[in-house]
Amino acid sequence: MFDQIAAVTLINLRSIPQRALLSGATVFSIALVVMVLLGFLAMSSGFSKTMQGTGSADVAVMLRTGSQTELNSGLSVDQLRLIEEAPGIARDANDIPIVSGELFVIVDGIKRASQTEANLPLRGVGPAAQSLRQGFTIVEGRTYEAGTNELIVGEGIIREFAGFDLGQTIRLGSNEWVVVGIFSTGGTVFDSEIWTDLTVIQNLYQRGTSVQSIRARLTSPEAIEEVRAYAENDPRLNLDIQSEVDYFASQAGGTAMLITYLGVPLSIAMAIGALAGAWNTMYSSVDTRMREIATLRAIGFSGFAAAFGTMVESLALAGLGGLIGAAGVYLLFNGVSASTLGSSFTQVVFSFAVTPMSVVLGLGLALIVGFLGGIIPAIRAATVPLLAVHRS
Amino acid sequence: MNDFTLIRKNLFRKKMRAILLIFSIMIAFLIFGALGAFYSVWTSGSSSAADNRLVTVNRINFTVSMPFAYWGRVEGVEGVTNVSHASWFGGYYQEPANFVQTFAVDPESWLAVYSELTMPDEQRAAFFNTRDCLLVGADLATQYGWSVGDRIPLLSNIWQKQDGTSSWDFEVCAVFDAEDDTLPTNYAMFHYEYYNEALAFNRDNIGWMVLTTIDAAQNDRIMREIDSLFANSPAETETSTEAAFNEAFAAQFGNIALILLFVVGAAFMTILMIVGTTMVMAINERTKEIGVMKTLGFPAPRIFRMVLIESILLSLVGGLLGLGLATLAVAGSAAAMAAFLPGLSMPPLVLSIGLALAIGLGFITGIIPAINAQRVTIVTALGKL
């Protein structure tokens with residue numbers, strides 16, 4: 001039995017070159033389907049990876065109640081002072097609370113890809129800001145000096161936007177700034193930001209002493225409850241307090257889901273189209289070998305063996321297409337940098353990420369196409385009438 | 001029996017094969033049609049923009065506000081016919097998830113600049129004269145079931161009133177529609193005064209200005225003059241045409257056109273490969289028959305024509321089915337997508353391009369088999385047993 005199956009399968013696979021054109025078309029069309037699916041998934045997972053990789057569990061983000069994102073929020077310097085005294089907030093070696101009041105202004109940058117203006121966050125931060133971001137490093141240059149018109153730029157901005165190179169003077173509105181450093185936070189959302197001293201932003205953009213958000217290092221992730229209780233007991237503090245991880249997770253949802261919702265139906269529709277190709281190829285595979293299959297059946301090969309051979313041929317073509325598609329997407333798109341409008345209404349730079357999970361999904365889709373395309377031709381092969389031997 | 005009957009019989013000689021091919025062509029055109037409709041709505045911001053309408057925003061970024069006094073100064077620029085201003089309210093209804101696009105505007109000048117917005121005269125008058133009037137777009141009114149006379153509170157996720165709350169009470173006193181169905185009506189407007197007087201911070205600022213010019217040819221001069229009015233002030237401005245502004249905004253989301261082009265390109269490459277190879281094979285199978293036809297006296301050009309028409313017919317049947325299905329799908333999802341993509345409909349241009357593509361596809365996939373068929377000599381055809 002196994003000998004039969006192996007023999008028929010080999011015959012099937014060896015006969016593929018006889019239908020090179022048709023088989024090639026099937027492989028190629030399945031490869032394209034897989035490329036479309038993986039392309040969208042790489043975009044979606046690249047974006048979520050950036051958003052979800054941002055934020056630590058032991059940093060609390062505080063915004064004005066109901067404001068949802070930093071952009072809409074506004075807090076006073078009094079609230080900032082009150083939070084510095086809150087329980088559950090960590091202090092550094094000099095007993096200074098690790099708290100950063102932050103304020104950002106959206107400024108225009110020129111997107112390299114389209115040469116159009118796009119929103120970038122110019123964030124004014126307190127001295128503790130850098131230690132509040134895990135993995136913060138200055139990659140080139142140095143950090144800004146407080147109280148001056150110096151700024152540091154995230155790596156993502158350098159990749160996607162023109163005019164922010166080290167040492168360059170840039171004009172944002174009526175103010176001139178000098179780029180003195182490039183920083184990295186290891187591919188998080190902060191890499192798509194421009195940073196400078198909080199008080200400079202407050203002065204230049206007439207924000208008084210107000211901030212938009214407060215970030216604070218917690219003594220432990222659980223200490224967030226202490227801070228919440230403290231804020232609830234003080235009527236001056238109408239704050240929404242979230243851990244930074246939760247904050248960014250809640251901001252990731254929409255865009256990533258939109259990409260997935262667009263990409264999945266598209267690739268399924270294309271897969272159905274490619275199904276016709278696979279079916280057609282396998283049909284003609286059985287068709288052209290009608291006499292051969294009947295001969296095999298006449299000398300005692302089982303119908304199952306004939307069907308199995310056809311099915312393996314179909315799955316092999318589909319699997320090959322899937323592999324080519326996955327490899328193509330990996331070579332073309334993996335790591336490609338792109339940026340889109342995030343929920344803070346500013347650009348988030350991310351890299352396409354072809355994940356192992358999505359490759360498995362892509363190969364799965366290819367094999368489903370191969371299976372469905374092969375099943376009816378395989379049944380047909382199993383039921384070839386023995387009299388077909390005599391067909392000329 | 002005329003040529004067409006012969007072509008039809010040939011096309012459906014292997015029913016299963018023909019149906020499968022038509023089906024895969026249909027899918028490709030369904031994708032083309034649906035994405036084409038999506039793309040034309042996506043870019044409608046720049047195509048519906050009037051060519052004599054300009055937008056003035058803060059040079060830092062359009063989300064940064066500018067002083068109210070700028071409004072009066074722009075009015076004085078020569079060649080400007082109407083100027084209005086708007087401020088982003090960041091509104092929501094009851095729950096933060098019920099986001100409502102809302103702007104605080106100067107009512108009379110706004111409707112002068114956007115003359116394509118229509119409403120009954122008495123509602124227009126009510127909007128002008130009622131301080132707390134909310135002018136609601138038809139799509140938005142349908143979405144929340146609002147009608148004229150309703151009193152609704154809208155909350156802002158940005159602004160606060162001096163009393164510490166973020167809720168403004170409105171009376172829906174007018175509902176607007178647009179002359180052209182493809183223009184969005186999924187937003188609402190109210191009096192700037194009513195909003196500004198209650199603000200706890202950022203008072204006497206406006207978000208941006210829109211203006212119409214006397215003649216699009218003077219746009220460049222007017223843009224320069226407006227921006228030079230505010231040069232070297234804390235709030236410098238940047239004036240551009242409405243189309244350029246909308247295009248730049250759409251581009252912020254990424255290169256949507258390129259992504260759609262990739263997808264549609266992949267879909268068409270797929271059917272090109274599948275249909276092309278199948279047609280070559282189908283005609284090869286028929287070599288003997290073509291030999292017989294030639295023996296019977298069918299001239300080569302006639303055979304060439306018949307094969308080509310067969311493949312164009314195949315493409316057209318699949319293509320028309322796909323475009324029809326796309327039209328149905330777009331019509332079916334228009335209501336569900338109204339909040340996100342208002343005015344979703346199948347543009348005639350997409351259908352015409354689709355039709356041209358179907359004919360082109362039939363031609364490309366049919367030309368090689370047709371040439372092969374034309375070249376078949378009787379001796380080789382009948383010798384091939």
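Residue numbering restarts at 1 for every chain, and letters A, B, ... go by the order of the sequence lines.
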Between Gln68(A) and Asn157(B), is there a donor-acceptor pair closer than 3.5 Å when you use the side chain of the first and the backbone of the second? no

Quick check: closest heavy atoms across Trp159(B) and Arg64(A), and the distance to 0.1 Å? N-NH2, 4.5 Å

Examine whether an atom of Leu172(A) lies under 4.5 Å from a heavy atom of chain B, and if so say whether it belongs to the side chain, the backbone or both; otherwise answer neither. backbone

For chain A, find which of Thr277(B), Leu30(B), Ile60(B) contributes the most heavy-atom pairs closer than 4.5 angstrom. Ile60(B)

Who among Ile106(A), Thr340(A), Leu120(A) has the most heavy-atom pairs with chain B under 4.5 Å? Ile106(A)

If you count the non-hydrogen atoms of other residues, nucleotides and ligands that lie under 6.0 Å from CD in Glu95(B), is the total more than 12? no

Most heavy-atom pairs under 4.5 angstrom with chain A, which of Ala235(B), Pro96(B), Gly265(B)? Pro96(B)

Contacting moiety of Phe262(B), where chain A heavy atoms sit under 4.5 Å: side chain

Toward chain A, the part of Glu236(B) with a non-hydrogen atom under 4.5 Å: side chain

Proximity breakdown for Met26(B) and chain A, heavy-atom pairs closer than 4.5 Å: neither

For Ala28(B), is it the side chain, the backbone, both, or neither that has a heavy atom closer than 4.5 Å to a heavy atom of chain A? neither

Heavy-atom cut-off 4.5 Å, strictly under: side chain, backbone, both or neither for Val105(A) against chain B? side chain

For Phe253(B), is it the side chain, the backbone, both, or neither that has a heavy atom closer than 4.5 Å to a heavy atom of chain A? both

Using a cut-off of 6.0 Å, state whether more than 12 heavy atoms not belonging to Phe201(B) lie near its atom CZ. yes

Between Asn175(A) and chain B, which part of the residue has a heavy atom less than 4.5 Å away: side chain, backbone, both or neither? neither

So for Met43(A), is it side chain, backbone, both, or neither that comes closer than 4.5 Å to the heavy atoms of chain B? side chain

Quick one: do Arg17(B) and Asp287(A) make a salt bridge, cutoff under 4.0 Å? no

Counting C-beta onward and ignoring hydrogens, is there a side-chain heavy-atom pair between Met270(A) and Ile31(B) closer than 4.5 Å? yes

Please walk me through it: do Asn280(A) and Thr278(B) pass side-chain hydrogen bond (donor to acceptor under 3.5 Å, both in side chains)? CA-CA 8 Å; Asn280(A) 203 0; Thr278(B) 311; 3.1 Å; yes

Side chain from CB out, backbone as N, CA, C, O: work out which of these in Ser29(A) comes under 4.5 Å of a heavy atom of chain B, or both, or neither. both

Neighbour count above 12 (heavy atom, 6.0 Å) for Ile368(B) CD1: no

So, taking the atom named CG in Leu32(A) and the one named CD1 in Ile271(B), what distance separates them when rounded to the nearest 0.5 Å? 11.5 Å

Okay, Thr281(A) and chain B: the region with an atom under 4.5 Å from a heavy atom over there is neither

What distance do Ile272(A) atom CD1 and Ser24(B) atom OG have between them, rounded to the nearest 0.5 Å? 11.5 Å

Are Met16(B) and Trp279(A) close enough, and set up right, to give a side chain to side chain contact (heavy atoms under 4.5 Å, CB included), and what steps lead you there? CA-CA 10 Å; Met16(B) 195 54 167; Trp279(A) 190 323; 2.9 Å; yes

Region of Ile27(B) in contact with chain A, defined by heavy-atom distances below 4.5 Å: side chain

Should the pair Glu117(A)-Arg59(B) be classified as a salt bridge under the 4.0 Å nitrogen-to-oxygen rule? no

Ranking Gln115(A), Met35(A), Arg171(A) by heavy-atom pairs under 4.5 Å to chain B gives rank one to Arg171(A)

Measuring from Leu35(B):CG to Leu266(A):CG, what's the distance to the nearest 0.5 Å? 5.0 Å

Step by step, work out the side chain to side chain contact (heavy atoms under 4.5 Å, CB included) result for Val263(B) and Phe40(A). CA-CA 10 Å; Val263(B) 174; Phe40(A) 276 100; 3.6 Å; yes

Part of Thr237(B) lying under 4.5 Å from any heavy atom of chain A: neither

Name the region of Ile259(B), side chain, backbone, both or neither, that has any atom closer than 4.5 Å to a heavy atom of chain A. side chain

Is Gln252(B) reaching over with its side chain to a backbone N or O of Asn119(A), donor-acceptor style, under 3.5 angstrom? yes

Given a strict heavy-atom distance threshold of 4.5 Å, which part of Leu272(B) is in contact with chain A: side chain, backbone, both, or neither? neither

I'd like to know which of Gly277(A), Ala113(A), Ala118(A), Ala274(A) tops the heavy-atom pair count under 4.5 Å against chain B. Ala118(A)

Under the criterion side chain to side chain contact (heavy atoms under 4.5 Å, CB included), I'd like the reasoning laid out for Val64(B) against Tyr205(A): C-alpha separation, chi angles, the key distance, then a yes or no. CA-CA 9 Å; Val64(B) 180; Tyr205(A) 298 99; 5.7 Å; no

Which region of Ser339(A), side chain (C-beta onward) or backbone (N, CA, C, O), has a non-hydrogen atom less than 4.5 Å from a non-hydrogen atom of chain B, or is it both or neither? backbone

Roughly how far apart are Ile158(B) CD1 and Leu71(A) CG, rounded to 0.5 Å? 6.5 Å

Could you tell me which portion of Ala269(A) (side chain, backbone, both or neither) has an atom closer than 4.5 angstrom to a non-hydrogen atom of chain B? both

For the residue pair Phe62(B) and Phe345(A), does the interplanar ring angle fall in the parallel (under 30°), tilted (30 to 60°) or perpendicular (over 60°) class? perpendicular

Among the options Glu285(B), Gln160(B), Met269(B), pick out the one with the most heavy-atom pairs lying under 4.5 Å from chain A. Gln160(B)

Which one, Pro265(A), Ala278(A), Gly273(A), leads in non-hydrogen pairs under 4.5 Å with chain B? Gly273(A)

By a 4.5 Å heavy-atom criterion (distance strictly below it), what part of Glu238(B) contacts chain A: side chain, backbone, both, or neither? side chain

Determine the minimum heavy-atom distance between Pro234(B) and Gln206(A), stating which atoms define it. CB-NE2, 3.8 Å

For Met281(B), which of Thr288(A), Leu22(A), Leu21(A) qualifies under side chain to side chain contact (heavy atoms under 4.5 Å, CB included)? Leu22(A)

Please step through side chain to side chain contact (heavy atoms under 4.5 Å, CB included) for the pair Thr116(A) and Glu247(B), ending with a clear verdict. CA-CA 9 Å; Thr116(A) 50; Glu247(B) 262 166 42; over 6 Å; no

